[in-house]
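For reference, the structure discussed in these notes is given below.
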There are 2 protein chains.
Amino acid sequence: MASLGDLERSVMDLLWDSAEPLTANDLRDALAARGTDAKELAVTTVLTVLARLEKKGLVARERSTRPHRYTASSSREDHTVGLLNDALGTAQDREAVLARFIGGISADEAVSLRAILDSVKTV
Amino acid sequence: MASLGDLERSVMDLLWDSAEPLTANDLRDALAARGTDAKELAVTTVLTVLARLEKKGLVARERSTRPHRYTASSSREDHTVGLLNDALGTAQDREAVLARFIGGISADEAVSLRAILDSVKTV
DNA sequence: CCGATATTTCTACATGACGTAAAAGTATTG
DNA sequence: CAATACTTTTACGTCATGTAGAAATATCGG
């Protein structure tokens with residue numbers, strides 16, 4: 001899967017958090033508004049990044065409207081799950097990894113994990 | 001965390017699978033022996049990669065012995081767990097992600113996951 | 001319909017990671 | 001000490017990414 005650079009990541013975060021599709025200008029403004037990094041990127045920069053994200057399949061664009069409108073192709077969670085599966089690989093040591101991983105999560109998470117597992121199992 | 005290139009990954013795999021520390025020459029031979037890629041890398045290539053892996057903290061080297069001997073600093077599983085946590089991030093959507101992730105694992109794995117969870121909970 | 005303006009596409013460059021290895025330096029050993 | 005083994009230094013090509021100017025194209029007010 002495609003890992004993301006810092007800017008790509010920021011753009012995806014904005015798209016994931018937005019209910020509406022966003023334009024390159026929307027994104028540039030939102031990026032400039034973030035934290036202390038009032039960098040004011042050029043719109044072309046944002047467009048380049050969007051094109052790359054589109055090629056990676058992470059973003060869909062509406063070419064029908066004039067300022068093209070961009071949306072995330074899949075949810076943030078689905079994307080993260082993809083990353084998890086990438087990290088886990090097809091290796092045979094999945095269970096060993098999961099065991100260690102679970103050993104490191106919080107008690108709270110252990111509880112909800114269990115709840116999730118229960119609901120899955122019932123299906 | 002540091003993600004690995006193809007060669008770096010191959011080297012780590014060999015180190016992870018080896019009980020003994022390995023030398024650059026050991027690794028070069030082992031790499032040449034892998035599958036159909038009888039590339040016969042130069043030893044300096046292997047040494048460069050090892051130096052980079054050392055800088056990344058993934059590999060430790062014994063400088064005392066003359067042909068330096070290299071070992072993986074942490075287990076493959078621990079490394080993978082690190083990747084998992086990187087992928088999950090510190091975000092608040094961990095549970096949503098875990099829910100989706102678990103929804104996608106096999107029944108077998110669900111069972112062992114449950115077993116693992118049980119043992120953890122008892123602690 | 002036209003010129004001004006907005007938007008997109010094309011092209012470009014710097015940086016850093018990675019694969020790759022020759023050249024040069026240093027240690028070992030007969 | 002000379003030959004050999006090993007390590008460090010230096011180097012280059014490629015690719016991903018951040019960044020944006022130039023060029024092309026579409027839109028809009030008049």
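This structure is a prediction, so every number in the text was calculated from the model and none was measured. Atom set for the values below is all heavy atoms of this structure, side chains included, hydrogens, waters and symmetry mates excluded. Every chain is numbered from 1, with letters handed out A, B, ... down the list of sequences.
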(request) Please name all residues satisfying salt bridge (Lys or Arg N to Asp or Glu O under 4.0 Å) with A/E8, sequence neighbours left out, ordered by chain then number. (result) A/K56
(request) Side-chain contact test, heavy atoms from C-beta onward, threshold under 4.5 Å: evaluate it for A/L22 versus A/V11 and give yes or no. (result) no
(message) Do A/T71 and A/L15 have side chains that approach each other closer than 4.5 Å (heavy atoms only, starting at C-beta)?
(response) no
(message) With a 4.0 Å cutoff (strictly under), does any side-chain N or O of A/R69 reach OP1 or OP2 of C/dT8?
(response) no
(request) Please determine if a side-chain N or O atom of A/H68 lies less than 4.0 Å away from the OP1 or OP2 oxygen of C/dT7. (result) no
(request) Check whether any side-chain heavy atom of B/L47 lies under 4.5 Å from a side-chain heavy atom of B/H68, and answer yes or no. (result) no
(message) Can you confirm whether B/S10 sits close enough to B/L31 that some side-chain heavy atom of one is under 4.5 Å from a side-chain heavy atom of the other?
(response) yes
(request) Please tell me if the side chains of A/L98 and B/F101 come closer than 4.5 Å, counting only heavy atoms from C-beta onward. (result) yes
(message) For A/P21, is there any backbone N or O sitting under 3.5 Å from a side-chain donor or acceptor partner on A/S18?
(response) no
(request) Taking all non-hydrogen atoms of both residues into account, name the closest pair between B/A72 and B/M12 and its distance. (result) CB-CE, 3.9 Å
(request) Could you list by number each residue of residues 51-62 of chain B showing a heavy-atom separation from DNA chain C of less than 4.0 Å, or answer none if no residue does? (result) B/R52, B/K56
(request) Starting at atom CE of A/M12, determine the distance to atom P of D/dT17, rounded to an integer number of angstrom. (result) 13 Å
(message) Between C1' on D/dG18 and CD on A/E40, what's the gap in Å once rounded to a whole number?
(response) 16 Å
(request) Determine, for nucleotides 24-30 of chain D in 5'-to-3' order, which nucleotides have protein heavy atoms under 4.0 Å from the base (write B), from only the sugar-phosphate (write S), or from neither (write -). (result) --SS---
(message) Restricting to non-hydrogen atoms, name the atom on B/A42 and the atom on B/R28 that form the minimum distance, rounded to 0.1 Å.
(response) C-CD, 4.4 Å
(request) Keeping to residues at least two apart or across chains, list the side chain to side chain donor-acceptor pair (under 3.5 Å) pairs with something in residues 42-55 of chain A. (result) A/E54-A/R61
(request) Name every residue in residues 41-49 of chain A that has at least one heavy atom under 4.0 Å from any atom of DNA chain C, in order of residue number, or write none if there are no such residues. (result) A/T44, A/L47
(request) Take the protein atom CG of B/L7 and the nucleotide atom P of D/dT14, then report the distance between them rounded to whole Å. (result) 18 Å
(request) For A/E8 and D/dC15, give me the distance from atom CD to atom C1', rounded to whole Å. (result) 13 Å
(request) Please tell me if the side chains of A/T80 and B/R100 come closer than 4.5 Å, counting only heavy atoms from C-beta onward. (result) no
(request) Please answer whether the main-chain N or O of A/V59 pairs with a side-chain N or O of A/S73 as donor and acceptor at a distance below 3.5 Å. (result) yes
(message) Regarding B/S3, tell me which of base, sugar-phosphate or nothing describes its non-hydrogen contacts under 4.0 Å with the strands shown.
(response) sugar-phosphate
(message) For A/E77, is there any backbone N or O sitting under 3.5 Å from a side-chain donor or acceptor partner on A/W16?
(response) no
(message) Under a 3.5 Å threshold, yes or no: a donor from one side chain and an acceptor from the other, between A/T23 and A/D26?
(response) yes
(message) Among residues 19-28 of chain B, which ones have heavy-atom contacts with DNA chain C below 4.0 Å?
(response) none
(request) Would you mind reading off the distance between B/L50 atom CG and C/dA21 atom C1', rounded to a whole angstrom? (result) 15 Å
(request) Identify whether any heavy atom of A/R63 sits under 4.0 Å from a base atom; if not, whether one sits that close to sugar-phosphate; answer base, sugar-phosphate or nothing. (result) sugar-phosphate
